Amino acid sequence: MSALAAAEPAVRPQPVRSETAPPMPRPAADPGLAALRLFLRNPSGLLGLAILIGLLFAALAGPHLYRVDPFEIVGAPFQPPGGDPVLGTDYLGQDILAALLQGGRATLLVGFSAALITVVIGVTFGALAGFFGGRVDAALMKVTEFFQVLPTLLFAMVLVTLFGQKIAITTIAIGIVSWPPTARLTRAEFLRLRGLDFVKAARAAGAGPLYLIGRVILPNAAPPIVVSATLAIGTAVLFEGALSFLGLGDPNVMSWGLMIGQNRAYALEAWWTVLLPGAAIFLAVLGVSLVGDAVNDAVNPRLRKRS
């Protein structure tokens with residue numbers, strides 16, 4: 001038997017031809033890259049992004065390129081646009097262009113910083129309430145409801161009046177009065193996700209609450225929170241404009257709202273003193289809204305089918 005086996009040629013497996021081999025499954029597309037592609041195919045989102053980039057460039061680089069103190073009197077009051085200065089002067093003879101460039105820094109800084117405070121507070125409250133539930137959820141939602149029923153602009157005015165008209169106080173006040181919607185959104189996402197299989201598997205593997213909240217649930221709840229954060233920037237810009245218009249902003253820091261508030265009595269005879277900063281606020285809020293809508297369309301699975 002061993003001799004016969006040695007005499008017989010060994011039977012080797014034949015290679016499978018490529019035409020008969022089943023096609024290899026393609027790896028799942030990265031959801032982040034897919035959302036980015038959808039965003040880049042959204043014309044309104046690109047328009048909003050271009051507006052924001054232009055405003056940020058003007059606010060950051062403009063004061064270095066156009067070195068004029070916005071509080072300096074450079075000419076006669078109410079000089080119309082088209083002369084020298086190029087965008088005219090206000091009721092004191094201050095340069096409108098210098099005020100727009102310098103004021104953009106303060107307004108956009110307040111907008112982004114207040115939105116960051118809003119997201120941090122809102123996500124913290126919402127994540128803890130949605131993850132633990134029960135008494136923790138009830139207690140945190142009571143606090144959220146307390147802040148939500150307060151008139152936001154009036155509450156911000158009270159905080160600024162009590163603690164001082166400083167740009168830092170204005171930023172904190174706007175963040176404090178704006179976080180409840182973000183908290184409710186985050187809570188709803190955590191309540192939806194905490195009972196899914198991948199969370200149960202991580203819990204069964206021994207993951208602690210902090211790991212589950214920060215590394216398992218929060219990344220999957222991030223898309224709607226990101227959309228909420230973008231829209232919070234526009235809300236904060238409007239809040240800053242309203243507070244400065246009412247004379248509750250920092251008088252030592254130029255902002256678009258301060259420009260409107262100082263020149264509101266002369267809006268009919270010197271329209272450019274109010275129209276130009278108002279247009280800047282409008283463009284900032286429009287850009288943020290367009291970007292927020294485009295991000296929502298890109299990250300929302302229900303809306304991806306429409307694209």
Side-chain angles (χ1 to χ4, degrees), residues 45 48-49 51-60 99-126 144 147-148 150-186 222 224-261 277-296:
L49 184 61
I51 292 173
L52 289 180
I53 292 176
L55 291 176
L56 287 173
F57 177 80
L60 296 176
L100 285 174
L101 296 175
Q102 192 72 36
R105 284 187 173 186
T107 300
L108 296 178
L109 175 62
V110 170
F112 283 97
S113 301
L116 179 61
I117 295 174
T118 298
V119 171
V120 170
I121 299 177
V123 169
T124 301
F125 272 68
T144 303
F147 279 90
Q148 194 165 16
L150 294 174
T152 53
L153 181 58
L154 181 60
F155 188 29
M157 292 169 59
V158 171
L159 292 177
V160 172
T161 303
L162 290 177
F163 296 102
Q165 296 177 215
K166 301 294 184 181
I167 189 170
I169 300 299
T170 301
T171 303
I172 295 173
I174 295 173
I176 288 177
V177 303
S178 304
W179 63 268
T182 303
R184 287 193 168 277
L185 175 64
T186 305
I225 297 174
V226 171
V227 176
S228 177
T230 58
L231 299 179
I233 298 173
T235 303
V237 169
L238 291 176
F239 260 109
E240 190 280 330
L243 291 174
S244 298
F245 176 82
L246 296 173
L248 295 175
D250 192 338
N252 299 315
V253 177
M254 183 61 67
S255 68
W256 294 336
L258 180 63
M259 294 175 65
I260 298 176
I281 294 177
F282 170 77
L283 287 176
V285 177
L286 175 64
V288 169
S289 299
L290 293 177
V291 170
D293 290 341
V295 170
N296 187 32

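Computed from a prediction, not measured in an experiment: that's the story for all the values here.
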Are the side chains of Ile169 and Leu159 in contact, using a 4.5 Å heavy-atom criterion? no
Approximate separation, where rounding is to 0.5 Å, of Phe112 CZ and Ile233 CD1: 4.5 Å
Going by salt bridge (Lys or Arg N to Asp or Glu O under 4.0 Å), name the pairs with one or both residues in residues 175-186, residues two or more places apart or in two chains. Glu145-Arg184
Between Val160 and Ala173, the two heavy atoms sitting closest are CG2-CB, 4.1 Å
Those residues at least two apart in sequence (or on a different chain) that pass side chain to side chain contact (heavy atoms under 4.5 Å, CB included) with Leu153 are Met157, Phe239, Ala242, Leu243
Ser178: partners by side chain to side chain donor-acceptor pair (under 3.5 Å), with sequence neighbours left out: none
Taking side-chain hydrogen bond (donor to acceptor under 3.5 Å, both in side chains) as the cut-off, I'd like each qualifying pair that reaches into residues 164-175, sequence neighbours left out, listed once. none
Taking side chain as C-beta onward, heavy atoms only, is Asn252 less than 4.5 Å from Ile167? no
I'd like to check the side chain to side chain contact (heavy atoms under 4.5 Å, CB included) partners of Pro224; sequence neighbours left out, ordered by chain and number. Leu185, Glu189
Minimal heavy-atom distance between Ala229 and Val119, with the atoms involved, is CB-CG2, 3.4 Å
Of all the heavy-atom pairs spanning Ala59 and Gly104, show the shortest one and how long it is. CB-C, 3.7 Å
Restricting to side chain to side chain donor-acceptor pair (under 3.5 Å), what partner residues turn up for Thr235, sequence neighbours left out? none
On a heavy-atom basis, which atom in Val253 and which in Leu258 lie closest, and how many Å separate them? O-CD2, 3.5 Å
What one should report as the nearest heavy-atom pair of Trp256 and Thr107 is N-OG1, 3.2 Å
Could you tell me which residues satisfy ring-ring contact (aromatic ring centres under 6.0 Å, His included) with Trp179, sequence neighbours excluded, listed by chain and number? Phe125, Phe147
Partner residues of Leu150 under the side chain to side chain contact (heavy atoms under 4.5 Å, CB included) criterion, sequence neighbours left out: Phe146, Phe155
Name the residue from Val110, Asp250, Leu108 that meets the side-chain contact (heavy atoms from CB on, under 4.5 Å) definition with Glu240. Val110
List for me each residue that meets salt bridge (Lys or Arg N to Asp or Glu O under 4.0 Å) alongside Arg105, sequence neighbours excluded, and say none if there are none. none
For Thr182 and Thr118, which I'm curious about, is there any donor-acceptor pair between the side chains at under 3.5 Å? no
Interatomic distance, CD1@Ile225 vs OG1@Thr186, rounded to 0.5 Å, equals 3.5 Å
Considering residues at least two apart in sequence or located in another chain, which fulfil the side chain to side chain contact (heavy atoms under 4.5 Å, CB included) criterion with Leu290? Ser44, Leu47, Leu286
